[in-house]
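Along the sequence shown, residues carry numbers from 1.
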Amino acid sequence: MASPKRLQGLTAATITPMTPDGEINLSVIGQYVDYLVKEQGVKNVFVNGTTGEGLALSTQERKQLAEEWVTKGKNKLDHVIIHVGALNLPEAKELAKHAAVIGASGIAAIAPFFFKPTNKDTLVAFLREVASEAPGIPFYYYHIPSLTGVKIRVEELLDGIKEKIPTFQGVKFSDTDLLDFAQCVKNNKEQFVLLYGVDEHLLSALAMGASGAVGSTYNYLGKKNNLMLEAFAKQDLVLAQQHQFCTGEFLSFVFKLGFGVAQTKAIMSFTSRIPMGPPRLPLLSASVDFIEKAKAKMDSLMV
């Protein structure tokens with residue numbers, strides 16, 4: 001799966017399909033790959049991240065999902081990035097080594113979030129240990145301070161990081177601090193891939209110079225967001241805004257209903273017709289009321 005192509009464009013943060021009794025459902029991954037490529041025009045995936053409930057899965061389940069995405073994505077997907085961030089360093093290293101062995105395009109890791117690094121040097125030391133287990137593939141830092149509580153600025157982190165982590169390729173920047181993101185672009189755009197991770201703000205990040213994006217809505221609004229990327233590339237800002245407003249209108253609507261990973265699974269189920277199943281506890285399944293209202297809203301936007 002290792003690809004010489006630079007990661008750019010849209011990357012879908014994959015959902016983990018589950019059976020009604022809560023076991024991972026590997027049987028639909030092939031169908032999922034075809035849906036992303038053919039229906040949404042998305043050929044990059046980010047597996048076992050937040051949207052995929054990675055930290056609610058066992059190590060073995062995460063390995064099985066990684067293997068299935070790599071296998072089913074062969075010759076269809078451009079990049080399969082495996083998130084290996086974990087509750088502890090040994091587990092993260094084990095997952096990183098496994099991802100390299102199965103032929104993933106790259107790995108990514110969040111900062112430790114129980115015993116948190118308090119400065120750049122300790123964070124880099126942790127990331128270096130993880131990346132060292134997969135020396136032949138690109139490594140990405142997954143910056144999501146709202147969940148990890150680690151607020152070390154990415155601008156600071158990137159300064160000199162290539163000397164410490166030779167495989168460092170870029171960042172999944174899931175934060176709304178566009179000042180930090182802009183400084184990352186200003187100082188590092190030629191060297192690193194800078195992927196924005198807040199879907200409703202993507203156009204703003206593109207204006208700042210984002211290389212691409214990773215997000216959950218690209219599972220079911222990938223086509224709409226690809227149209228936005230095309231309009232932006234043609235410098236048609238008015239059309240790009242229209243497409244961004246569409247995504248924003250949908251998300252604004254579902255945020256008011258209560259929106260999260262569980263609700264994302266429900267939306268993907270009725271949009272793709274691939275059964276995504278329930279989430280893992282402590283998350284609870286989306287209500288019937290949410291599903292009915294979200295589906296009606298989605299249908300109205302697709303007219």
Side-chain angles (χ1 to χ4, degrees), residues 7 11 13 46-59 62-63 66 81-100 104 106-189 191-198 205 210-211 214-215 261 282:
L7 182 55
T11 299
F46 187 89
V47 179
N48 290 337
T50 305
T51 303
E53 302 173 82
L55 291 167
L57 306 176
S58 70
T59 300
R62 293 176 69 175
K63 287 181 178 181
I81 308 300
I82 307 300
H83 175 241
V84 302
L87 292 173
N88 57 71
L89 181 57
E91 183 183 6
K93 293 174 70 171
E94 180 181 346
L95 290 166
K97 181 181 292 185
H98 175 263
I107 59 172
I110 55 174
F113 55 89
F114 189 78
F115 295 115
K116 299 178 178 64
T118 56
N119 56 56
K120 168 187 171 177
D121 291 341
T122 53
L123 176 55
V124 170
F126 175 88
L127 298 177
R128 182 176 60 219
E129 286 291 310
V130 177
S132 68
E133 296 296 324
I137 60 176
F139 177 83
Y140 300 86
Y141 172 55
Y142 179 7
H143 179 62
I144 185 164
S146 62
L147 292 181
T148 64
V150 177
K151 299 180 180 180
I152 297 166
R153 291 175 65 80
V154 180
E155 175 194 6
E156 179 186 0
L157 180 75
L158 294 183
D159 185 21
I161 196 169
K162 194 77 172 178
E163 299 170 6
K164 302 289 180 64
I165 306 175
T167 57
F168 191 89
Q169 185 74 18
V171 178
K172 178 184 185 292
F173 192 103
S174 295
D175 189 32
T176 56
D177 186 348
L178 286 174
L179 175 59
D180 186 17
F181 187 75
Q183 291 303 108
C184 293
V185 173
K186 176 178 177 290
N187 298 323
N188 301 282
K189 185 174 183 180
Q191 185 176 17
F192 298 131
V193 173
L194 300 168
L195 305 166
Y196 197 65
V198 184
S211 310
V214 183
V261 170

Taking the side chain as everything from C-beta on, heavy atoms only, tell me whether Leu157 gets closer than 4.5 Å to Val124. yes
For Arg62, does its backbone N or O pair with a side-chain atom of Asn48 as donor and acceptor, under 3.5 Å? yes
Have a look at Ser211 and tell me which of Leu194, Val185, Leu7, Val171 forms a side-chain contact (heavy atoms from CB on, under 4.5 Å) with it. Leu194
Set of residues satisfying ring-ring contact (aromatic ring centres under 6.0 Å, His included) with respect to Tyr196, sequence neighbours excluded: Phe181
Measure the spacing between CZ of Phe173 and CG of Asp180 and express it to the nearest 0.5 Å. 4.0 Å
Can you confirm whether Leu127 sits close enough to Ile165 that some side-chain heavy atom of one is under 4.5 Å from a side-chain heavy atom of the other? yes
So ring pair (Phe, Tyr, Trp, His ring centres under 6.0 Å) across residues 144-166, not counting sequence neighbours, yields none
What residues form a side chain to side chain contact (heavy atoms under 4.5 Å, CB included) with Ala56, not counting sequence neighbours? Glu53, Arg280
Taking side chain as C-beta onward, heavy atoms only, is Leu147 less than 4.5 Å from Thr50? yes
Donor-acceptor pairs under 3.5 angstrom involving side-chain atoms of residues 85-95: please list them, not counting sequence neighbours.
{"from": "Asn88", "atom 1": "OD1", "to": "Glu91", "atom 2": "N", "distance (Å)": "2.8"}
{"from": "Glu91", "atom 1": "OE2", "to": "Thr59", "atom 2": "OG1", "distance (Å)": "2.9"}
{"from": "Lys93", "atom 1": "NZ", "to": "Glu129", "atom 2": "OE1", "distance (Å)": "3.2"}
{"from": "Glu94", "atom 1": "OE2", "to": "Lys63", "atom 2": "NZ", "distance (Å)": "2.7"}

Of all heavy-atom pairs linking Val150 and Pro112, the shortest is CG2-O, 3.4 Å
With distance as the sole test, does Asn119 use its side chain to make a donor-acceptor pair with the main-chain N or O of Thr122 at under 3.5 Å? yes
Step by step, work out the side chain to side chain contact (heavy atoms under 4.5 Å, CB included) result for Asp175 and Ile144. CA-CA 6 Å; Asp175 189 32; Ile144 185 164; over 6 Å; no
For Val84 and Ala109, the nearest pair of non-hydrogen atoms, with its separation, is CG2-CB, 4.3 Å
What's the separation between atom OG1 in Thr167 and atom OH in Tyr140, rounded to the nearest 0.5 Å? 10.0 Å
So, using side chain to side chain contact (heavy atoms under 4.5 Å, CB included) as the criterion, who are the partners of Asn188 when residues are at least two apart? Leu158, Gln191, Phe192
Got a sec, which pairs hit side-chain hydrogen bond (donor to acceptor under 3.5 Å, both in side chains) with one end in residues 145-162, sequence neighbours left out? Arg153-Asp177
Nearest heavy-atom pair of Glu133 and Ala96: which atoms, and what distance? CB-CB, 3.9 Å
Search all heavy atoms of Cys184 against all heavy atoms of Val154 and return the closest pair with its distance. SG-CG1, 3.5 Å
For the NZ atom on Lys120, are there more than 12 heavy atoms of other groups (residues, nucleotides or ligands in this structure) within a distance under 6.0 Å? yes
Roughly how far apart are Phe139 CZ and Ile161 CD1, rounded to 0.5 Å? 7.5 Å
Separation between CD1 (Ile110) and NZ (Lys172), nearest 0.5 Å, reads 10.5 Å
Distance from His143 atom NE2 to Ser174 atom OG, nearest 0.5 Å? 8.5 Å
Residues His98 and Ala66: closest non-hydrogen pair is CE1-CB, 4.3 Å
Could you grab the distance from atom CG of Leu123 to atom OG1 of Thr118, nearest 0.5 Å is fine? 10.0 Å
